[in-house]
Amino acid sequence: MSDSVELSTVDLRILRLLQNDARISNKDLAAEIGVAPSTCLDRVNRLRELGVITGQRAEVDAAKLGRPLEALLFVQVRPHRRDLVDSFVEHLLALPEVRAVYHLTGPDDFLAHVATASATELQRLVLDELTARDEVARVHTNLVFQHWSGGPLLPPV
């Protein structure tokens, strides 16, 4: 069973443009696509209703907010049970340092992307918020020197 939806070439063009500039006005988007503004707005609303467009957000530079040290924390949780997984994810998402959380396969169960003010703060986060929890068996930390974001995510042709 697939969650994918059928998208027209117009839908794909809308997605490509919105992913590169979510602030584009509906009027400019419609002109770029070559459809009427009302048609464009209907298409965008349909993409939202279908769950293809899940939101809009501003990307923030963590360093400019006083959190220049970014790290990837690979976390092993034992036992790996639904009730522990759910509460652990809730705990992670409540921490202000956490930028993203991924549930993984393989030797590690979670990957948390975090941003902290310093190595001391990173150590506090790992010791006080992660390894202090009974279900956390192991945390492996990798520092992020630099990162790049990919381009628009479009379905395979």
Side-chain angles (χ1 to χ4, degrees), residues 1-67 69-116 125-126 129-130 133 135-137 139-142 144 146-157:
M1 182 193 299
S2 173
D3 288 336
S4 66
V5 296
E6 281 291 320
L7 299 174
S8 71
T9 55
V10 171
D11 294 332
L12 293 174
R13 291 177 65 205
I14 288 171
L15 289 174
R16 182 173 285 116
L17 289 168
L18 285 177
Q19 285 183 92
N20 285 311
D21 181 7
R23 293 175 23 164
I24 189 172
S25 71
N26 183 63
K27 180 182 172 189
D28 291 343
L29 182 61
E32 187 74 31
I33 301 299
V35 297
S38 60
T39 300
C40 186
L41 185 59
D42 288 343
R43 295 273 187 148
V44 171
N45 287 335
R46 179 180 163 271
L47 291 168
R48 284 191 178 108
E49 289 168 10
L50 291 171
V52 176
I53 296 175
T54 59
Q56 294 175 217
R57 64 184 145 271
E59 291 193 23
V60 176
D61 184 332
K64 290 195 167 73
L65 295 179
R67 294 190 180 159
L69 185 66
E70 294 189 56
L72 300 175
L73 308 178
F74 294 87
V75 183
Q76 197 176 71
V77 173
R78 294 293 178 262
H80 194 162
R81 293 191 331 245
R82 169 67 65 191
D83 59 328
L84 291 177
V85 165
D86 290 345
S87 67
F88 183 68
V89 170
E90 284 178 30
H91 175 72
L92 285 177
L93 292 175
L95 299 171
E97 299 89 354
V98 173
R99 302 199 68 186
V101 176
Y102 303 90
H103 193 187
L104 308 173
T105 64
D108 297 304
D109 300 309
F110 293 96
L111 170 62
H113 177 198
V114 301
T116 64
L125 178 70
V126 170
E129 300 294 347
L130 298 176
R133 295 179 62 94
E135 72 270 28
V136 174
V139 176
H140 177 87
T141 304
N142 287 67
V144 175
Q146 194 171 2
H147 78 276
W148 298 265
S149 296
L153 176 66
L154 294 175
V157 180

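Position 1 is the first residue of the sequence, and the numbers go up from there.
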>> Walk me through whether Val139 and Thr141 qualify under side chain to side chain contact (heavy atoms under 4.5 Å, CB included).
In response: CA-CA 6 Å; Val139 176; Thr141 304; 4.0 Å; yes

Among residues at least two apart in sequence or on other chains, which ones pass side-chain contact (heavy atoms from CB on, under 4.5 Å) with [X]?
X      : result
Val52  : Val5, Leu7, Leu15, Leu47, Leu50
Arg82  : Asp86
Leu95  : His91, Leu92, Glu97, Val98, Leu125, Glu129
Leu111 : Leu72, Phe74, Tyr102, Leu104

Tell me whether [X] contacts the main-chain N or O of [Y] through its side chain, where contact means a donor paired with an acceptor under 3.5 Å.
X     : Y      : result
Arg13 : Ile33  : yes
Thr39 : Val35  : no
Gln76 : Pro107 : yes

>> Can you confirm whether Ile14 sits close enough to Arg43 that some side-chain heavy atom of one is under 4.5 Å from a side-chain heavy atom of the other?
In response: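 The answer is yes, as the side chains (C-beta and beyond) meet within the 4.5 Å cut-off.
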
> So do Val44 and Asp42 actually touch side chain to side chain, heavy atoms under 4.5 Å?
Replying inline: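 Of all side-chain heavy-atom pairs linking Val44 with Asp42, none is under 4.5 Å.
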
>> Taking ring-ring contact (aromatic ring centres under 6.0 Å, His included) as the definition, give me every residue that meets it alongside Phe110, ordered by chain and number, with sequence neighbours left out.
In response: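 Phe110 satisfies ring-ring contact (aromatic ring centres under 6.0 Å, His included) with Phe88, His103 once adjacent residues are dropped.
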
>> Applying ring-ring contact (aromatic ring centres under 6.0 Å, His included), can you list everything that pairs with His140, at least two apart in sequence or on another chain?
In response: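 If we apply the ring-ring contact (aromatic ring centres under 6.0 Å, His included) test to His140, skipping adjacent residues, there are no hits.
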
>> List the residues meeting salt bridge (Lys or Arg N to Asp or Glu O under 4.0 Å) with Arg46, not counting sequence neighbours, and say none if there are none.
In response: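 Per chain and number, Arg46 pairs via salt bridge (Lys or Arg N to Asp or Glu O under 4.0 Å) with Asp11.
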
> How would you list, by chain and number, every residue that makes a side-chain hydrogen bond (donor to acceptor under 3.5 Å, both in side chains) with Asp109, sequence neighbours excluded?
Replying inline: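 Asp109: side-chain hydrogen bond (donor to acceptor under 3.5 Å, both in side chains) contacts with Arg78, His80.
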
>> Regarding His113 and Glu70, do their side chains bring together a donor and an acceptor under 3.5 Å, going by distance alone?
In response: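 There is such a pair (donor and acceptor under 3.5 Å, judged by atom type) between the side chains of His113 and Glu70.
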
>> Distance check, rounded to the nearest 0.5 Å: Thr116 atom OG1 versus Leu69 atom CG?
In response: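 Interatomic distance, Thr116 OG1 to Leu69 CG, rounded to 0.5 Å: 4.0 Å.
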
>> According to salt bridge (charged side-chain N to carboxylate O under 4.0 Å, His left out), does anything in residues 30-41 pair up with another residue at least two apart or in another chain? List the pairs.
In response: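 Non-adjacent pairs meeting salt bridge (charged side-chain N to carboxylate O under 4.0 Å, His left out): zero.
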
>> Listing request: all side chain to side chain donor-acceptor pair (under 3.5 Å) pairs with a residue in residues 49-64, at least two apart in sequence or in separate chains.
In response: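 Counting only pairs at least two positions apart or across chains, the side chain to side chain donor-acceptor pair (under 3.5 Å) contacts touching residues 49-64 are Arg48-Gln56.
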
> What pairs meet the side chain to side chain donor-acceptor pair (under 3.5 Å) rule with one or both residues in residues 14-27, with sequence neighbours excluded?
Replying inline: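 Every pair satisfying side chain to side chain donor-acceptor pair (under 3.5 Å) with a residue in residues 14-27: Ser25-Asp28.
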
>> Minimum heavy-atom separation for Ala115 and Arg99, please, with both atom names.
In response: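 Shortest heavy-atom separation between Ala115 and Arg99 comes out as CB-CD, 3.8 Å.
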
